[in-house]
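Notes to accompany the following structure.
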Amino acid sequence: MKKWYTGLTYAAMLLIFFLYKDEILFWMQNGDAPLYVVFLIAMGFIIIPVVPYKVIIGLLGFVYGPWIGALISWAAASVASVLIFLMARTFFQKQARAFLSKFNRLEKLHERIERNPFMTILFARLMPFIPQAVVNIYPAVLSIRLLPFATASAIGKIPAMLLFAFIGSSLTSDTRSLLLSIGVYVLFLLVTFLIYRIWKQKK
């Protein structure tokens, strides 16, 4: 019965966000919404991904500035990730396993998460080509503890949040800052990938 209630609630949220996403985005863009409402809406766009979250980060950076925009985005994404993790573990474990079976090469990821959940989840968050839905759901299916998942996720989200918030704040005014932000992020990804390769070889 709880699964039905949860499923109906999720379906209702999906319908609302899908039907009114343009109005919601317009309201956020005008800066009329209280910050706690903006936080809840941003969290909703993580749980109900009808709009790419990078767009939400950029929009918040444009409206509130890069630092506040990144902070709201990061807090909302961190809380939403924990909620998705808990929902997957509590209600949708079988469905989650079916979803994850669509992705190849998960056996090695399984082994790494089991051996060192914190570092594996951290690197997975830092790598932009790894689907974030997989990072939210897979540890829950493997029964990884909540604390290392939440901590690694929160830390790993910081660079991308800062980048897209700075991009959003620079789109209409400062091309040099925009290019610098992208360049710094690319350099950061290269260093992160190098560290990951070294860590992986040692394991």
Side-chain angles (χ1 to χ4, degrees), residues 13-14 17-18 20-85 103 119-139 149-196:
M13 290 175 61
L14 176 61
F17 271 80
F18 181 76
Y20 297 101
K21 62 180 183 296
D22 294 332
E23 290 83 355
I24 293 171
L25 290 173
F26 180 78
W27 190 39
M28 292 173 65
Q29 186 174 356
N30 285 342
D32 296 333
L35 283 181
Y36 75 91
V37 175
V38 173
F39 168 82
L40 292 174
I41 292 173
M43 192 169 65
F45 277 117
I46 285 280
I47 299 173
I48 312 292
V50 294
V51 174
Y53 196 64
K54 296 179 180 64
V55 174
I56 304 302
I57 304 169
L59 177 60
L60 292 174
F62 176 78
V63 174
Y64 296 102
W67 297 107
I68 300 299
L71 179 61
I72 297 171
S73 303
W74 171 80
S78 298
V79 173
S81 294
V82 169
L83 292 178
I84 294 170
F85 175 93
F103 296 89
M119 291 301 297
T120 305
I121 294 169
L122 176 62
F123 280 121
R125 289 297 188 196
L126 292 171
M127 303 295 181
F129 51 83
I130 297 178
Q132 293 302 293
V134 173
V135 187
N136 288 334
I137 296 171
Y138 200 52
F149 168 83
T151 306
S153 292
I155 296 172
K157 289 176 180 294
I158 293 173
M161 298 296 164
L162 288 171
L163 169 71
F164 289 105
F166 270 93
I167 288 176
S169 68
S170 304
L171 281 178
T172 59
S173 58
D174 193 348
T175 304
R176 181 177 297 179
S177 296
L178 173 62
L179 295 176
L180 179 61
S181 299
I182 295 173
V184 170
Y185 184 65
V186 170
L187 178 61
F188 171 81
L189 287 180
L190 291 174
V191 172
T192 300
F193 184 72
L194 178 61
I195 294 172
Y196 171 74

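Counting begins at 1 with the first residue of the sequence. Note that the coordinates shown come from a computational prediction; the quantities given were computed from them, not determined experimentally.
In this structure, OH on Tyr36 lies 10.0 Å from CD1 on Ile41, to the nearest 0.5 angstrom. Annotation: the span from Ile121 atom CD1 to Asn136 atom CG amounts to 10.0 Å, rounded to 0.5 Å.
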Using residues 43-58 as the side-chain source, report each donor-acceptor pair under 3.5 Å to any protein atom, sequence neighbours left out, with the distance given to one decimal.
{"from": "Tyr53", "atom 1": "OH", "to": "Ser73", "atom 2": "O", "distance (Å)": "2.9"}

Could you pull out all donor-acceptor pairs under 3.5 Å where a side-chain atom in residues 152-166 meets a protein atom, sequence neighbours excluded?
{"from": "Ser153", "atom 1": "OG", "to": "Arg125", "atom 2": "NE", "distance (Å)": "3.1"}
{"from": "Ser153", "atom 1": "OG", "to": "Arg125", "atom 2": "NH2", "distance (Å)": "3.2"}
{"from": "Ser153", "atom 1": "OG", "to": "Phe149", "atom 2": "O", "distance (Å)": "2.8"}
{"from": "Lys157", "atom 1": "NZ", "to": "Ser81", "atom 2": "OG", "distance (Å)": "3.2"}

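The side-chain heavy atoms of Leu190 and Leu194, taken from C-beta on, include no pair separated by under 4.5 Å.
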